[in-house]
Amino acid sequence: MNPTIGWIRELAASLGVPAVLVPLVPFLLLLIALYAVIGLAAYGAKRKWPRADKTIAFWLFVSPWLIGFAIFTVGPMASSIYVSLTSWDLITPPKFVGLANYSEALQDPRVGQALKVTLLYGLISVPLQTALAFLVAMLLNAELPGMRFFRTVWYLPSLVSGVAQMVLFLWVFNPQYGLANDVLGRFGITGPGWFNDASWALPTVILMSLWTVGGAMVIYLAGLKDVPSNLYEAAALDGAGPARLFWHVTLPQMSPIILFNALTGIIGALQIFTQGFIANGGPKDSLLFFVYYLYDNAFQNFRMGYASALAWILFVIILALTAVTARGSAFAVYYESEQSGGWKRRRR
């Protein structure tokens, strides 16, 4: 523990602060100090620029989020950079080792397996989820009786937590008494081992991920409701059929939303953890997802430095894939507000 924090806690305890609140005292003092600095800065800015009231009010209102972001996101990220350059078991003091953790990661065969499993999962699951969610949204966009009920039914599974989902599907895909093999058996088909089979474990998780497309479906549905009806009417007057209406009206109008869901899907897929954790990596490391391997090194093997290095490797991979996807979509995504300028740039 930092000596200053220890001294503040001892002082708080000596002043009669309840024992339950003593650990919070340093944090509360830090918040008070930060808001004091912000208040003094706002007061000084108001005296120097009397007409900047709205700007000052804006920064004051967003300051709670900014402070929380700096303390709980930027701070831990910055400290993890240092930790990734050390050998630390959470008990003894960190020992600086330079880039040794990164060098070890490049030579670790399990890192290669984790990357292979994670990237394969993302490569297959994200397009399937995106296509299925869009298809369901198109079907549920029809104004028919009872449609609200079906929209609710499709969305509800996305509210179920990852652990509960995994427990449910461990029962559904159980080789001995699971529902899936029971249904297949009624048709004379011998079901596979699912999670117990190394060749079927990853496909089973991909299949399981399609159960929660309701969240993306709602976003697509909102986008479909926002497509101007006059575009469909004008295209229909020109003789466009359902296929042309979809290709030339619906798809271009929905392309920014498709890109958004694809990007969030990629980021989420590369951070998958629960399925690998519940399955303990799966048979023959078939479900050794990257984040699970990171967790295993940090909290099972107590190699916090190596785990931090793995976290930064994953961060760079996600950042690169996101940038490539966003950049590659420049000629496929239609933004109505930037149509003229965008086409001019493309012609060049």
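This structure is a prediction, so every number in the text was calculated from the model and none was measured. The figures here come from the full heavy-atom set of this structure, side chains too, leaving out hydrogens, waters and symmetry mates.
- Contact between Tyr306 and Ala105 at its shortest, heavy atoms only, is OH-CA, 3.4 Å.
- Between the CG atom in Leu224 and the CD1 atom in Ile219 there is a gap of 12.0 Å [rounded to 0.5 Å].
- Between the side chain of Thr264 and the backbone N or O of Phe260, at least one donor-acceptor pair lies under 3.5 Å.
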Under 3.5 Å donor-acceptor pairs involving side-chain atoms of residues 266-278, not counting sequence neighbours:
unit_1, atom_1, unit_2, atom_2, d
Gln271, NE2, Ile267, O, 3.1

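- Of all heavy-atom pairs spanning Leu287 and Ala279, the tightest one is CD1-CB, 3.7 Å.
- In terms of modelled atom types and a separation under 3.5 Å, the side chain of Asn174 and the main chain of Gln176 share a donor-acceptor contact.
- For Tyr82 and Ser308, the side-chain atoms include no donor-acceptor pair closer than 3.5 Å.
- Formation of a donor-acceptor pair under 3.5 Å by the Asn181 side chain with backbone atoms of Pro192 is found in this model.
- Note: the hydrophobic cluster containing Leu294 also contains Ile81 (ILVMFWY, side chain heavy atoms under 4.5 Å, direct or indirect links).
- The structure places OG of Ser286 at 7.5 Å from CG of Leu202, a figure rounded to the nearest 0.5 Å.
- Nearest heavy atom pair, residue Ile318 against residue Thr322, reads O-OG1, 2.7 Å.
- The side-chain heavy atoms of Phe299 and Met304, taken from C-beta on, include a pair separated by under 4.5 Å.
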Applying side-chain contact (heavy atoms from CB on, under 4.5 Å), run through Leu128 and Leu132 and close with a yes or a no.
CA-CA 6 Å; Leu128 287 177; Leu132 179 61; over 6 Å; no

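- A distance-only check finds no donor-acceptor pair linking the side chain of Asp238 to the backbone of Ala240 [under 3.5 Å].
- Rounded to the nearest 0.5 angstrom, Leu115 CG and Ile313 CD1 are separated by 8.0 Å.
- Between Phe315 and Trp312, the two ring planes are perpendicular [angle over 60°; tilted spans 30° to 60°].
- Side-chain contact annotation: Asp285 with Tyr293, donor-acceptor N/O pair under 3.5 Å absent.
- Between the side chains of Gln165 and Thr212, no donor-acceptor pair is found at a separation under 3.5 Å.
- Transitive grouping of hydrophobic side chains (ILVMFWY, heavy atoms separated by less than 4.5 Å) brings Val183 and Tyr177 into a common cluster.
- Between the Thr118 side chain and the Phe290 main chain, a donor and an acceptor come within less than 3.5 Å of each other.
- Remark: the backbone N or O of Lys95 is not paired with any side-chain donor or acceptor of Ser87 at under 3.5 angstrom.
- For the residue pair Asn280 and Tyr292, a side-chain donor N or O sits within less than 3.5 Å of a side-chain acceptor on the partner.
- Side-chain contact check for Leu168 versus Trp211: some heavy-atom pair is nearer than 4.5 Å.
- Looking at Glu143 and Arg148, no side-chain N of the basic residue comes within less than 4.0 Å of a carboxylate O on the acidic one, giving no salt bridge.
- In plain terms, the two heavy atoms of Met217 and Trp154 that are nearest each other are CE-CB, 3.6 Å.
- The two residues Ala298 and Ala307 come nearest to each other via the heavy atoms CB-CB, 3.5 Å.
- Hydrophobic clustering (side-chain heavy atoms under 4.5 Å, transitive across Ile, Leu, Val, Met, Phe, Trp, Tyr) groups Ile189 together with Leu179.
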Show the numbers, then the answer: is there a side-chain contact (heavy atoms from CB on, under 4.5 Å) between Leu85 and Asn101?
CA-CA 7 Å; Leu85 302 175; Asn101 289 323; over 6 Å; no

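- Here the closest heavy-atom approach between residue Asn230 and residue Pro228 is recorded as OD1-CB, 3.0 Å.
- Distance check: Leu119 CG to Ile124 CD1 gives 11.0 Å after rounding to the nearest 0.5 Å.
- Between atom CZ of residue Phe72 and atom CE of residue Met77 there is a gap of 16.0 Å, rounded to the nearest 0.5 Å.
- Screening Trp200, Phe169, Phe289 for a side chain to side chain contact (heavy atoms under 4.5 Å, CB included) with Val205, the sole residue that qualifies is Phe289.
- Residues Leu288 and Gln113 meet the side-chain proximity criterion, which asks for heavy atoms closer than 4.5 Å.
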Verdict with reasoning, Thr250 to Leu245, per side-chain contact (heavy atoms from CB on, under 4.5 Å):
CA-CA 7 Å; Thr250 304; Leu245 285 174; 5.5 Å; no

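- The 12-atom threshold is not exceeded at OH of Tyr155, counting heavy atoms of other residues, nucleotides or ligands nearer than 6.0 Å.
- The environment of Tyr232 atom OH is dense: over 12 non-hydrogen atoms of other residues, nucleotides or ligands sit within 6.0 angstrom.
- Looking at Val25 and Arg9, their side chains never come closer than 4.5 Å, going by heavy atoms from C-beta outward.
- How far CZ of Arg327 is from OG1 of Thr325: 13.0 Å, rounded to the nearest 0.5 Å.
- A donor-acceptor contact shorter than 3.5 Å is absent between the side chain of Asp89 and the backbone of Phe302.
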Evaluate the side-chain contact (heavy atoms from CB on, under 4.5 Å) criterion for residues Ile257 and Met254: first the C-alpha distance (whole Å), next the side-chain angles of each, then the deciding distance (0.1 Å), finally the verdict.
CA-CA 5 Å; Ile257 300 175; Met254 292 294 293; 4.1 Å; yes

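- Taking Ile, Leu, Val, Met, Phe, Trp and Tyr as hydrophobic and joining them when side-chain heavy atoms fall under 4.5 Å apart, one finds Leu123 isolated, its cluster having no other members.
- Side-chain heavy atoms closer than 4.5 Å link hydrophobic residues (I, L, V, M, F, W, Y) into clusters, and following such links, possibly through other members, connects Leu159 to Val136.
- The hydrophobic clustering, which links ILVMFWY residues whose side-chain heavy atoms are closer than 4.5 Å, places Phe195 and Leu184 together.
- The backbone N or O of Leu99 lies less than 3.5 Å from no partner atom in the side chain of Ser103, so there is not a single donor-acceptor pair.
- Under the 3.5 Å distance criterion, the side-chain polar atoms of Asn261 are left unmatched by any main-chain donor or acceptor of Thr130.
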